[in-house]
Amino acid sequence: MGIVEWRKQLQRGEVSARELTDQYLERIAAVDPTVHAFLEITGDRARADADRIDAARAAGSALPALAGIPLAIKDNLCTRGIRTTCSSRMLESFVPPYESTVTERLWNAGAVLLGKTNLDEFAMGSSTETSAFGPSRNPWDPERVPGGSSGGSAAAVAAGECMGSLGSDTGGSIRQPASFCGVVGLKPTYGRVSRWGLVAFASSLDQVGPFTNSVADAAELLQVIAGEDPRDSTCLKAPVPDYVAALEAPVKGLRVGMIRECFEAEGLDPQVKASVQAAARHLERLGCELVDISCPRFNDGIATYYVIAPSEASANLARYDGVKYGYRAAAAAADADSLAMMTARSRAEGFGDEVQRRILIGTYALSAGYVDAYYRKAQQVRSLIRQDFDRAFTQVDLLLTPTSPTTAFRFGAHAEDPLAMYLADLLTIPANMAGLPAISLPCGFDDQDLPIGLQLIGGVLEEPRLLQLAHHYEQAAAVMTHRPTAALVA
Ligand code: GLN
């Protein structure tokens, strides 16, 4: 059931918010011991949220847009009074005294909080394997990763543990797990959605967005979370269009660019390539025109990202010093002879390996003598990537690529080689570099019955067109109505 159908049923009194919430809590109790999408399940809060909606309905009040919709929230979004850990020992007992703008908007719209979902530590990773609290599992095959960093949010939707969820996307962390888990994941234009209360990773790239079972549901959630926020100066003042209404606009005549460099990328699984090309032909049958496009710098995104994102992270994570926030090394007070030593110990014990690796890379790239060779150079390449997109959008309306070069991989597959893991983000990173909106949606399955995702990228604030084409493809191709069976998929 989607958000629209649910709203109708609730309005007609065919089902109560409490019944729906209880159903989801039961599903979580049944499958989450295997999936481990959740770090914390907020059952009491969820039932109270739902009861409030039912009481409002009984009193005849008009119901808000997301009345009774049970959602899960990535655990790097601050929730007042509810632990927000970023899957890190560093924040294991951090209870935020404030609510993030996006979650506040969801609760004001009547949504129900089911719990907080697992992620790679501080959103650094592509598999949830760097979570300090153990990985999540892919509902299509529990031997495989759900992707990351928002793996818990994607897995929760795929396993039927919530109707939708929020994640964050710095280099692909919404789209890649959406692709691995066979759900819809949307990264909005940089600045479309407030970052206030999102624990910062790389501030020039981070963006919050929804995971859902359908494009229409993604539009519903974006509608609520998008828009100006005086508390985030990078949040755009542009008015929020009617995303839901935009879905049905005809797609005939839309020009869709196939980025040549993506389809020729090293490491692209031939089955993924074939499936996305078949989806492109489907778009052609819907009346779209396919255009061959070159973005020569596209594949440089990854090298650029792994300078810029760690640099920003090294600055953002400096706040975890064992004094003001989070973990403080237990032995520090006794034998540390200086504040610096106490901080060093707290950071060495509080942060996992990948986070420490990023801080080291970023600190190095920003240090005197190297900043020109690395950080400034990366910013220059970032401009070139953006220019490629600008040129492309003079010829086409939207761009089409695979979301990830492969389907979900097995646990430990990249354990020995962080660089191999970084390649999982090859096709998603460029949209972050240019601040563009992009969506991943299911387009097929490989011979292991694992979902494949296609990515559509739009120009700045072109979310309506992105959602429109995605919706038309989803309805016409009906990939999920012919899905293989998997025990953990609802
Ligand atoms: N996988 C990428 C990384 O490890 C992207 C993470 C993200 O988008 N948060 O940095």
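Just so you know, these numbers come straight off a predicted model, no measurement behind them. Each ligand, and each atom within it, is numbered from 1 in the order the structure gives.
- For the atom pair R382 CZ and D300 CG, the distance stands at 14.5 Å (nearest 0.5 Å).
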Residues 427-438 side chain polar contacts: donor-acceptor under 3.5 Å, at least two apart:
from, atom 1, to, atom 2, distance (Å)
T428, OG1, G171, O, 2.9
T428, OG1, D425, O, 3.2
N432, OD1, R175, NH2, 2.6
N432, ND2, D169, O, 3.3
N432, ND2, D169, OD1, 3.0
N432, ND2, T170, O, 2.8

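- Annotation: salt bridge (Lys or Arg N to Asp or Glu O under 4.0 Å) contacts involving residues 458-474, sequence neighbours excluded, comprise D397-R465, E462-R465.
- Checked by atom type, the side-chain pair T79/T103 shows no donor-acceptor distance below 3.5 Å.
- Taking the six-membered ring wherever Trp is involved, the centroid distance between the rings of F180 and F409 falls below 6.0 Å.
- For A111, the side chain to side chain contact (heavy atoms under 4.5 Å, CB included) partners at least two apart in sequence or on another chain are L66, L71, L106, W107.
- Protein neighbours of ligand 1 below 4.0 Å, counting non-hydrogen atoms: A123, M124, G125, S126, S149, D169, T170, G171, G172, S173, F201, Y305, Y306, R358, D425.
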